[in-house]
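Atoms within each ligand, like the ligands themselves, are counted from 1 in listed order.
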Amino acid sequence: MNVARLNMCHGDREWHQKVISSVRRLNEEKGYAVAVMMDTEGSEIHMGDLGGAPAAKAEDGEIWTFSVRSFEAPLPELTVHVNYEGFAEDVRVGDDLLVDGGMARFEVVEKLGPDVKCRCTDPGLLLPRANLTFWRDGSVVRAKNAMLPTITSKDWLDIDFGIAEGVDFIAVSFVKSAEVINHLKSYIAARSRGNDIAVIAKIESIDSLTNLEEIIRASDGAMVARGDLGAQIPLEQVPSIQQKIVKLCRQLNKPVVVASQLLESMIEYPIPTRAEVADVSEAVHQCADALMLSGESAMGRYPDKALSVLSSVSLRIERWWREEKHHEPLELEDVSSSFADKISEEICISAAKMANKLEVDAVFVYTKGGHMASLLSRCRPDCPIFAFTNSTSMRRRLNLQWGLIPFRLTFSDDMESNLNRTFSLLKARGMIKPGDLVIALSDMLQSIQDGQRLTVSVRRCPGPRSINACASRPRCRLRPQPCSASSTAIRCGALGSATRWW
Ligand SMILES: Nc1ncnc2c1ncn2[C@@H]1O[C@H](COP(=O)(O)OP(=O)(O)O)[C@@H](O)[C@H]1O
Ligand SMILES: C=C(OP(=O)(O)O)C(=O)O
Ligand SMILES: [K+]
Ligand SMILES: [Mg+2]
């Protein structure tokens, strides 16, 4: 895994703090760079805790009470609490009430003050804190519920917690506009004392689709949060919207995560369905930056298996796609706003083209702010990109982006020494071998080399060549790491040519 997501809908801060400490400890002990992403709860409408019961079964035709009243455990029979006070006002008799996007369905039959009586029309299992949406005439109802804030007072406390803990990413649930992203970014800038936290917009509501481009422009990345998205729009629209968001993010040079239900059946079974494997394959083929598990690793029976399946399927698809040269090149539009940036952008485009044409074994990029690495990742070259940065937090952050294998390196003013040290570092890890052809580029060379625009160089890895130099040493970053009850994301694209070493 490359990123651990903490979903603030579940667990308390103390619990999340323990997960963060475990990730930190593993990073230190094993030299990993697993990043932490905190994910806000937002104003989602959901059921209560079912009075401590793990689940409740709703049968066809049963009349259930959905109430905004609070109850002492145990709950009265066939009754659930709803967390949103305006619920009874917003719904109308005849509305459809969907639990978890349709895992169970009810029809509203009567309203009695704070209580709403509903008849079960699709029987199913109700899980604690399950999401609720109500539908009228084929669309999700947007009444007073649409006015709820994107970041609630509880979310602000969670965000303060995230800043204090030094998380790497904050993912904002149910984003409706770019303003909320801008607001959060200034809030973070004022409080995090130079420790930049990237803000990821979760695309999972109708409003986020209406304002898609401005939201993504304002954010440092996006997540196609298909769980809630599929509960807000007709399901058949989700695949095309996923494709559109992934493409748009690449055009705008923002990392994009495809999330939810990738291997859903592995919550219960040790192997995925064929359809799930095809879904993973599609996301990899679309060149998404990262794929995210949720229930599979948060509460499933096979969290580590699910992660290995996600990793091995992605590896296989990437290898196939590279060997067969299956990808259609995407015409990249300009992203740079200044001339200096434009130079970096053009260098990256040329370097990626060169890497593919010369069939080099790797690209090295030396970057302090991460910009050059992300511009290179955007070109999706056919080889791994080893990114060297002088900060551990930037290293973790780069871990989300397609194709980047980030390392921390104390930069010296002498670029030759930087290069030699990185050759040694990667040789020692079996990631390159003597004789390998490498393209090195940097967004620091300009200042180091006193104005010379020497930013791209083609090298061979020094040392005696030996065919078996890197034989069969599995790379430690691919071993699944323990991660109880949080979501996990893996980054795509970094592993292609490395797989032949297995
Ligand atoms: N920290 C946690 N502790 C216990 N259960 C969790 C935790 N995180 C997630 N879960 C369980 O895993 C399911 C799927 O996780 P996720 O997609 O993150 O949440 P949700 O379904 O609420 O959006 C949740 O519905 C919940 O039952
Ligand atoms: C990733 C998602 O958000 P969450 O799991 O927080 O509901 C989703 O809805 O797909
Ligand atoms: K959430
Ligand atoms: Mg969601």
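Of the protein's non-hydrogen atoms, Ser260 OG, 3.5 Å is the one closest to atom 1 (C) of ligand 2. Looking at atom 2 (C) of ligand 2, its nearest protein heavy atom turns out to be Ala225 CB, 3.6 Å. Closest to atom 7 (O) of ligand 2 among all protein heavy atoms lies Asp228 OD2, 3.0 Å.
Under 4.0 angstrom from ligand 2, there are no non-hydrogen atoms of Ser294. Within the 4.0 Å heavy-atom criterion, the part of Asn7 lying near ligand 2 is the side chain and not the backbone. With a 4.0 Å cut-off on non-hydrogen atoms, Lys202 touches ligand 2 through its side chain and not its backbone. Under 4.0 Å from ligand 1, not a single heavy atom of Cys9 appears.
No side-chain heavy atom of Tyr269 sits less than 4.5 Å from a side-chain heavy atom of Leu263. At least one side-chain heavy atom of Arg69 sits less than 4.5 Å from a side-chain heavy atom of Asp115. For the pair Val36/Arg396, no side-chain contact is recorded, criterion being any heavy-atom separation below 4.5 Å from C-beta on. Side-chain contact between Val99 and Phe106 is present, with heavy atoms from C-beta onward closer than 4.5 Å. Side-chain atoms of Thr40 and Lys202, non-hydrogen and from C-beta on, never get closer than 4.5 Å to each other.
Heavy atoms of Gln261 stay at 4.0 angstrom or farther from ligand 2. For the ligand labelled ligand 1, residue His46 lies outside the 4.0 Å heavy-atom shell. Ligand 2 lies nowhere less than 4.0 angstrom from a heavy atom belonging to Glu41.
Between Phe174 atom CZ and Ser43 atom OG the span is 9.0 Å, to the nearest 0.5 Å. Atoms CE and OG, on Met292 and Ser297 in that order, are 8.0 Å from each other to the nearest 0.5 Å. The line from CG of Asn83 to CG of Asn131 is 9.5 Å long, rounded to the nearest 0.5 Å.
For ligand 1 and Met299, the ligand atoms under 4.0 Å from any heavy atom of the residue are 11 (C), 12 (O), 13 (C), 27 (O). The contact set between ligand 1 and Arg5, taken as ligand atoms under 4.0 Å from a residue heavy atom, comprises 16 (P), 17 (O), 18 (O). Using a 4.0 Å cut-off to heavy atoms of Gly227, the atoms of ligand 2 that qualify are 8 (C), 9 (O), 10 (O). In summary, the atoms of ligand 2 found under 4.0 Å from a heavy atom of Arg5, numbered by their order in the structure, are 1 (C), 3 (O), 4 (P), 5 (O), 6 (O). Contact atoms of ligand 2 toward Glu204: 2 (C), 3 (O), 8 (C), 9 (O) (distance under 4.0 Å to a heavy atom of the residue). Those atoms of ligand 2 that come under 4.0 Å of a heavy atom in Arg226, given as number and element, are 10 (O).
Residue side and main chain included, Met8 places no N/O/S atom under 3.4 Å of the K ion (ligand 3).
Defined by atom type and a distance below 3.5 Å, a donor-acceptor pair is missing between the side-chain atoms of Gln261 and Arg226. For the 3.5 Å distance criterion, the side chains of Asn253 and Ser374 qualify, holding a donor opposite an acceptor. Defined by atom type and a distance below 3.5 Å, a donor-acceptor pair is present between the side-chain atoms of Asp155 and Thr152.
In this structure, of Leu6, Ile267, Asn7, the residue bringing a heavy atom nearest to atom 16 (P) of ligand 1 is Asn7. Across Arg129, Gln261, Met8, His10, heavy-atom proximity to atom 25 (O) of ligand 1 is greatest for His10.
Rounded to 10 degrees, the OD1-metal-OG angle spanning Asn7 and Ser173 at the K ion (ligand 3) equals 160°.
Restricting Asp39 to its N, O or S atoms, the one at the least distance from the K ion (ligand 3) is OD1.
Checked options Arg397, Arg378, Arg380; the residue passing with Asp289 is Arg380 (criterion: salt bridge (charged side-chain N to carboxylate O under 4.0 Å, His left out)).
Of all heavy-atom pairs between Glu165 and Arg24, the closest is O-NH2, 2.7 Å.
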